[in-house]
S.K.: 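Here you go, one structure.
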Amino acid sequence: MRPDTPAENVDHTAEAARLERTAGLYPEDAEALLLRAAAHLELSGDRPAAAALYDRLLASDAELESPYLVRALKASNLWEYGHEAEARAIIDGIRAAAPRDPAPWVIVGESLEAHDELEQAHETFTEAVRLLLTDVPEPPAAAHPLLFGRHRVRRMLGAAHDEWDALADSVHSLPVTLDELHDPKRVWSLGSENPAELEAEISRLRAEVGAYRTALSRPFPVAVLHWPADELTELLEAYPSLAAEYPSHEEHLAAIEAALRELASSGTPNLGIVPGTVPSYEAFAASEGTTPDDADLLPQYATTLAARGRALPWPPQRSAPCWCGSDRPYGECHGA
């Protein structure tokens with residue numbers, strides 16, 4: 001279930017409870033699952049319960065993959081229900097720590113923007129793009145919201161375009177330009193009695209909503225199972241009958257790329273790759289009441305890993321490391 005699903009179409013409280021139960025079954029995936037649960041709680045209006053989940057993650061003994069993202073989400077949530085001073089203190093700490101992950105910067109910048117702290121939001125977005133994108137040949141997709149957020153805030157402040165705004169324009173792919181999407185006067189057109197103006201604004205809003213939905217990853221992407229070389233060797237030694245599925249590791253990697261390209265060409269969105277391990281596969285087989293040498297179990301295993309938030313989006317950017325683990329750029333490896 002997508003966390004952005006309208007409240008009338010889902011019981012957000014029940015969905016949060018389900019995700020918490022799943023996190024208890026799979027503690028190694030607790031961070032991703034509990035963050036989604038907290039999002040559902042925020043949408044249900046139970047912000048104190050969401051704050052409790054953020055605190056639970058931050059207080060856990062397990063090392064978090066994205067501790068600054070958890071802190072940023074906690075600050076944003078706190079500010080929404082009256083704890084402004086605590087939220088500001090957390091935001092100041094995140095900015096001082098200067099994390100290399102774009103996600104916490106985006107949350108902090110948008111939180112400041114939402115509370116009309118436009119100068120502070122502009123400073124935050126600018127700090128982030130300078131830190132993460134200076135001398136970077138191609139901005140990663142995860143950093144695009146930083147460029148778009150900075151562009152949006154600068155339009156509201158009436159600032160002239162600069163080189164970072166030009167970069168935002170260059171990575172923007174929707175038919176409606178950023179200048180149109182971020183025009184502060186657009187809000188006035190929503191009160192117009194002119195049908196043509198209203199229709200034009202509705203088109204712009206649809207494009208903007210589409211951009212946000214594209215940026216959100218679905219919990220259940222179409223994912224293909226990837227066995228790293230050592231895991232595949234262990235798997236075939238333990239279950240030789242699966243050799244028919246995996247004649248060699250090189251063919252396995254080539255088959256993954258070919259399958260994903262075929263899915264992409266057919267218009268399938270939100271593709272991903274999930275790395276498998278023999279112990280987790282054996283545990284999954286046991287939970288399904290069957291044996292690991294059952295080849296029909298492999299796609300079910302991939303789907304389950306994807307549902308637990310383990311999928312990596314495909315394709316990577318051409319300059320990013322290839323998904324196969326070779327440490328070569330994707331454009332020079334399987335993306336060639």
Side-chain angles (χ1 to χ4, degrees), residues 3-4 12-13 16 19-20 23 27 29-134 140 142-157 159 164 182 212 215-217 309:
D4 65 326
H12 287 292
T13 302
L19 288 165
E20 285 194 66
D29 299 324
E31 182 176 350
L33 292 167
L34 291 179
L35 285 180
R36 282 166 50 196
H40 281 289
L41 289 171
E42 288 190 35
L43 288 169
S44 75
D46 194 352
R47 292 190 175 276
L53 281 187
Y54 296 133
D55 287 335
R56 173 178 162 186
L57 281 169
L58 293 170
S60 67
D61 294 331
E63 184 176 353
L64 298 177
E65 292 182 11
S66 306
Y68 291 109
L69 174 59
V70 178
R71 288 185 172 88
L73 290 168
K74 176 184 175 181
S76 177
N77 179 58
L78 286 171
W79 203 336
E80 289 298 326
Y81 75 105
H83 297 267
E84 179 182 343
E86 186 178 355
R88 286 183 180 276
I90 296 171
I91 286 172
D92 289 344
I94 293 170
R95 292 176 63 181
R100 307 294 298 189
D101 176 13
W105 288 103
V106 172
I107 299 298
V108 166
E110 290 183 349
S111 182
L112 290 164
E113 178 188 351
H115 293 276
D116 294 325
E117 299 283 350
L118 296 184
E119 292 288 353
Q120 287 294 311
H122 178 250
E123 289 180 15
T124 298
F125 284 126
T126 302
E127 287 172 18
V129 297
R130 286 176 177 166
L131 174 69
L132 302 177
L133 300 181
T134 298
H144 290 182
L146 291 174
L147 292 167
F148 299 154
R150 184 178 183 276
H151 185 287
R152 183 176 59 249
V153 170
R154 286 172 64 80
R155 286 286 280 135
M156 287 189 284
L157 290 171
W164 294 116
H182 299 159
Y212 280 114
L216 290 168
S217 61

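Keep in mind the model is a prediction, meaning the values are calculated, not measured.
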S.K.: Just verifying a value: how many Å separate F148 CZ and E110 CD, rounded to the nearest 0.5 Å?
M.R.: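 It is 12.0 Å, given to the nearest 0.5 Å.
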S.K.: Using the test ring pair (Phe, Tyr, Trp, His ring centres under 6.0 Å), find all partners of H83 that sit at least two apart in sequence or belong to another chain.
M.R.: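 Y81.
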S.K.: Does the pair L57 and L35 meet the rule for a side chain to side chain contact (heavy atoms under 4.5 Å, CB included), with working shown?
M.R.: CA-CA 9 Å; L57 281 169; L35 285 180; 3.8 Å; yes
S.K.: Minimum heavy-atom separation for A142 to P102, with atom names?
M.R.: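 Closest approach of A142 to P102: O-CB, 3.5 Å.
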S.K.: Can you tell me how far CZ of R152 sits from CD of E113, rounded to the nearest 0.5 angstrom?
M.R.: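 That separation rounds to 4.0 Å.
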S.K.: Measuring only between side-chain heavy atoms, which start at C-beta, is L78 closer than 4.5 Å to Y54?
M.R.: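 They are not in side-chain contact.
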S.K.: Looking at OG1 of T126 and CZ of R154, how far apart are the two atoms once the value is rounded to the nearest 0.5 Å?
M.R.: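 If I round to the nearest 0.5 Å, the distance is 6.5 Å.
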S.K.: Residues in salt bridge (charged side-chain N to carboxylate O under 4.0 Å, His left out) with E84, at least two apart?
M.R.: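 R88.
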S.K.: Minimum heavy-atom separation for A30 and A23, please, with both atom names.
M.R.: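 Here A30 and A23 meet closest at CA-CB, 4.1 Å.
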S.K.: Given 3.5 Å as the limit, does a donor-acceptor pair link the side chain of S111 with the main chain of V108, or not?
M.R.: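 A pair under 3.5 Å: no.
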S.K.: Indicate yes or no: at least one non-hydrogen side-chain atom of H115 is less than 4.5 angstrom from one of E80.
M.R.: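 H115 reaches E80 side chain to side chain.
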S.K.: Is there a side-chain contact between L147 and H151 (heavy atoms, below 4.5 Å)?
M.R.: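 A side-chain contact under 4.5 Å is absent here.
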S.K.: What closest approach, in Å, do P104 and D101 show between heavy atoms, and which atom pair accounts for it?
M.R.: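 Nearest heavy atoms, P104 then D101: CD-O, 3.2 Å.
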S.K.: Distance from N77 atom CG to L41 atom CG, nearest 0.5 Å?
M.R.: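 If I round to the nearest 0.5 Å, the distance is 9.0 Å.
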S.K.: Test side chain to side chain contact (heavy atoms under 4.5 Å, CB included) on V153 and L112 and set out the steps.
M.R.: CA-CA 10 Å; V153 170; L112 290 164; over 6 Å; no
S.K.: Please report the C-alpha distance between E123 and Q120 in whole Å, then the side-chain angles of each, then the deciding distance to 0.1 Å, and finally whether the side chain to side chain contact (heavy atoms under 4.5 Å, CB included) criterion is met.
M.R.: CA-CA 5 Å; E123 289 180 15; Q120 287 294 311; 3.7 Å; yes
S.K.: Under the criterion side chain to side chain contact (heavy atoms under 4.5 Å, CB included), I'd like the reasoning laid out for E20 against L53: C-alpha separation, chi angles, the key distance, then a yes or no.
M.R.: CA-CA 9 Å; E20 285 194 66; L53 281 187; 3.7 Å; yes
S.K.: Can you measure from CH2 (W105) to CZ (R100) and round to the nearest 0.5 angstrom?
M.R.: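 So the CH2 of W105 and the CZ of R100 are separated by 10.0 Å.
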S.K.: Got E86 and K74 here, is their nearest side-chain heavy-atom distance under 4.5 Å?
M.R.: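 The answer is yes; the side chains approach within 4.5 Å.
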S.K.: Counting only N and O atoms by type, is there a donor-acceptor contact under 3.5 Å from the side chain of S76 to the main-chain atoms of A72?
M.R.: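 A pair under 3.5 Å: no.
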S.K.: Search all heavy atoms of A75 against all heavy atoms of I91 and return the closest pair with its distance.
M.R.: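 Answer, listing the atom of A75 first, then I91: CB-CG1, 4.0 Å.
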S.K.: Looking only at heavy atoms, which two atoms of A38 and A50 are closest? And how far apart?
M.R.: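 For A38 versus A50, the nearest heavy atoms are O-CB, 3.7 Å.
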S.K.: Calculate, to the nearest 0.5 Å, the distance between atoms CD and CG belonging to E31 and L64 respectively.
M.R.: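 Between atom CD of E31 and atom CG of L64 there are 4.5 Å.
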